2 protein chains.
Amino acid sequence: MGFSLRDVARSLGVYPSAVYWHVATRDDLLASVVEATMADVAPEPGKLSWQDWLRELFSRCREVIRRHPNVAQLLGGHLVANASLSPGMIDRILSVLVAAGFKNDQIVDMYNVVIATMVGFSTLEFASMPTDDPAGWAAQLQEKVSSIRALEFPTLARYLPAMANRSFIVRWQNGTDAAMDSSFRAYVETAIAGMERALARA
Amino acid sequence: MGFSLRDVARSLGVYPSAVYWHVATRDDLLASVVEATMADVAPEPGKLSWQDWLRELFSRCREVIRRHPNVAQLLGGHLVANASLSPGMIDRILSVLVAAGFKNDQIVDMYNVVIATMVGFSTLEFASMPTDDPAGWAAQLQEKVSSIRALEFPTLARYLPAMANRSFIVRWQNGTDAAMDSSFRAYVETAIAGMERALARA
DNA sequence: ACCTGAACACCGTTCAAGT
DNA sequence: ACCTGAACACCGTTCAAGT
């Protein structure tokens, strides 16, 4: 996790127990961190088409995660952190979906699609490296990748040069050191095109 | 995290240090767990259309996560766990994409879209509850939700009844106790429709 | 080959006591 | 109101020693 209350206390020059005057629990502190970092991800509605509004939302969210990679696993993995996202953001997403023309029985599902899309790719992209020995681990994985048998996995072998360290699973660095810009763009455009289709179908 | 080497040792009736004979490190053990649980997520290629093949892949992955919710945050948040997914799965995904007709310069991006889609929604859906006092936390959040000011957030207030405990952020249980089936379906169909569009555009 | 047993340097959290 | 200081019940990991 790479985060400890005792570290926080240390860098504040204070006893660990002192933290508990300001915060009820460790989860509580983490929730506040997520709340603070994600406060302004949702753009103002009304100025952009719903498609561009979503593009802006997604890339702002990714940008926040890029700057605070430790937030990634909180957002993705902990309900507490997740629940600390602002009602203002939810309200804006919903109103954009309504304005886009989604029907009442689609709104909730599409809202969930938006949230999952917003955090899904980036939490993966900025997943944490092993704390232990990152360099050794990277070398080990790199070797494992290069020893993939072309006979057993022909398609993988063929695309390996293009994929190495630029695609999920087949990489030894995370988004901090090896960003996945073009795939992120593809991901966003795929989601938006899919939503346009859902809109047309209703 | 809810997982400790010492717990493992205890339930094996063995000293904690004994574990280190079989495994190099804690991360190592977790990687093996992920590897084992996710071994058979990828269906056989060739029998289904690429769309149905992906539908099957996505719902199998969700099913595994549903049965082993602790795997969720590993898959989503840790590069080590992520890297332990099988080359066989990667190979199958790639060959399905090739057979679907995606061009060479799209394949890698689309592969990343598939992986992100595969784990994105479900890791969020089955994000872990607070370890501390889940019931108390749920009650507290429920109250916070019901006290949302309708004047400040009109759209949210309007959809709140439909959203409560059935949508991300606005919920106090995770997928284990409150599954999000219809939204997952919408998510999958959105992704597939978006990919069809990417295919048509090329 | 596989495990014991003790030790080390960490955690989050509690609680009485200080100021 | 805010912090100290000690304590408690945990961690992951190492290492010599046993069998």
Side-chain angles (χ1 to χ4, degrees), chain A residues 1-37 68-84 127-141 174, chain B residues 1-37 68-84 127-141 174:
Chain A
M1 168 60 75
F3 171 89
S4 93
L5 271 179
R6 288 182 117 101
D7 277 345
V8 172
R10 243 187 304 271
S11 53
L12 290 170
V14 108
Y15 271 67
S17 45
V19 176
Y20 286 84
W21 177 260
H22 305 275
V23 96
T25 169
R26 190 190 120 105
D27 279 348
D28 214 65
L29 207 177
L30 291 175
S32 303
V33 170
V34 171
E35 191 177 357
T37 54
H68 310 281
N70 296 328
V71 168
Q73 52 189 308
L74 294 177
L75 263 182
H78 293 276
L79 213 62
V80 203
N82 210 259
S84 65
S128 67
M129 296 286 286
T131 39
D132 194 48
D133 170 23
W137 176 82
Q140 190 183 324
L141 186 65
N174 70 8
Chain B
M1 167 65 71
F3 171 89
S4 95
L5 270 181
R6 289 181 115 101
D7 277 345
V8 172
R10 242 187 303 272
S11 53
L12 290 170
V14 108
Y15 271 67
S17 44
V19 177
Y20 285 84
W21 178 260
H22 305 274
V23 95
T25 169
R26 190 190 120 105
D27 279 349
D28 214 64
L29 208 177
L30 292 175
S32 303
V33 170
V34 170
E35 193 177 355
T37 54
H68 311 280
N70 296 330
V71 169
Q73 52 189 307
L74 294 178
L75 264 181
H78 294 275
L79 214 60
V80 204
N82 212 260
S84 66
S128 68
M129 294 285 287
T131 39
D132 195 48
D133 169 23
W137 176 81
Q140 191 183 323
L141 186 65
N174 71 8

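Just so it is clear: chains get the letters A, B, ... in the order the sequence lines come, proteins before strands, and each one is counted from 1. These numbers were taken from a predicted model, which means no experiment stands behind them.
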Next on the checklist: It should be established whether His22(A) places a side-chain nitrogen or oxygen under 4.0 Å from OP1 or OP2 of nucleotide dC3(D).
Outcome noted: yes

Item to check | Closest non-hydrogen atom pair, Ser84(A) against Ala31(A) | outcome: OG-O, 3.1 Å

Next on the checklist: Could you identify the nucleotide paired to dC8(C), looking across every strand shown and requiring Watson-Crick or G-U wobble geometry with both distances under 3.5 Å?
Outcome noted: dG12(D)

Checklist entry - Roughly how many Å is it from CZ in Phe3(A) to C1' in dC10(C), rounded to a whole number? => result 16 Å

Next on the checklist: Quiz question: going by heavy-atom distance under 3.5 Å, is there a donor-acceptor pair between the base of dG5(D) and the side chain of Ser17(A)?
Outcome noted: yes

Checklist entry - Has Arg10(A) got a side-chain N or O lying under 4.0 Å from the OP1 or OP2 atom of dC11(C)? => result yes

Checklist entry - Atom OH of Tyr20(A) to atom P of dT13(C): distance rounded to whole Å? => result 3 Å

Checklist entry - Leu30(A) has an atom CG; how far is it from atom C1' of dG12(C), in whole Å? => result 12 Å

Next on the checklist: Please evaluate residues Phe3(B) and Leu30(B) with respect to the criterion side chain to side chain contact (heavy atoms under 4.5 Å, CB included), reporting the C-alpha separation (whole Å), side-chain torsions for both, the decisive distance (0.1 Å), and the verdict.
Outcome noted: CA-CA 9 Å; Phe3(B) 171 89; Leu30(B) 292 175; 3.6 Å; yes

Checklist entry - If you look at every heavy atom in Pro134(A) and Met129(A), which pair is closest and at what distance? => result CB-CE, 4.2 Å

Checklist outcome for this item: When rounded to whole Å, the CH2 to C1' distance for the pair Trp21(A) and dT13(C) reads 16 Å

Next on the checklist: Between C1' on dC11(C) and CG on Leu29(A), what's the gap in Å once rounded to a whole number?
Outcome noted: 15 Å

Checklist outcome for this item: Rounded to whole Å, the CZ-P distance (Arg26(A) to dT14(C)) equals 14 Å

Item to check | Assigned partner base of dC2(C), Watson-Crick or wobble definition, under 3.5 Å | outcome: dG18(D)

Item to check | Rounded distance (Å) that lies between atom P of dC11(C) and atom CG of Asp27(A) | outcome: 17 Å

Checklist entry - Distance check: side-chain N/O of Thr25(A) vs OP1/OP2 of dT13(C), anything under 4.0 Å? => result yes

Checklist entry - Arg6(B) or Ala24(A): which one's nearest nucleotide on DNA chain C is closer to the 5' end? => result Arg6(B)

Item to check | Phosphate OP1/OP2 of dC3(C) contacted by Tyr15(B) side-chain N/O (<4.0 Å) | outcome: no

Checklist entry - How close do Ser4(A) and Arg26(A) get, heavy atom to heavy atom, and via which atoms? => result CA-NH1, 4.5 Å

Next on the checklist: Under a 3.5 Å distance rule, please check whether Asn174(A) uses its side chain to pair with a backbone N or O of Ala127(A) as donor and acceptor.
Outcome noted: yes

Checklist entry - Mapping Asp7(B) and Pro16(A) to their closest nucleotides on DNA chain D, which lands nearer the 5' end? => result Pro16(A)

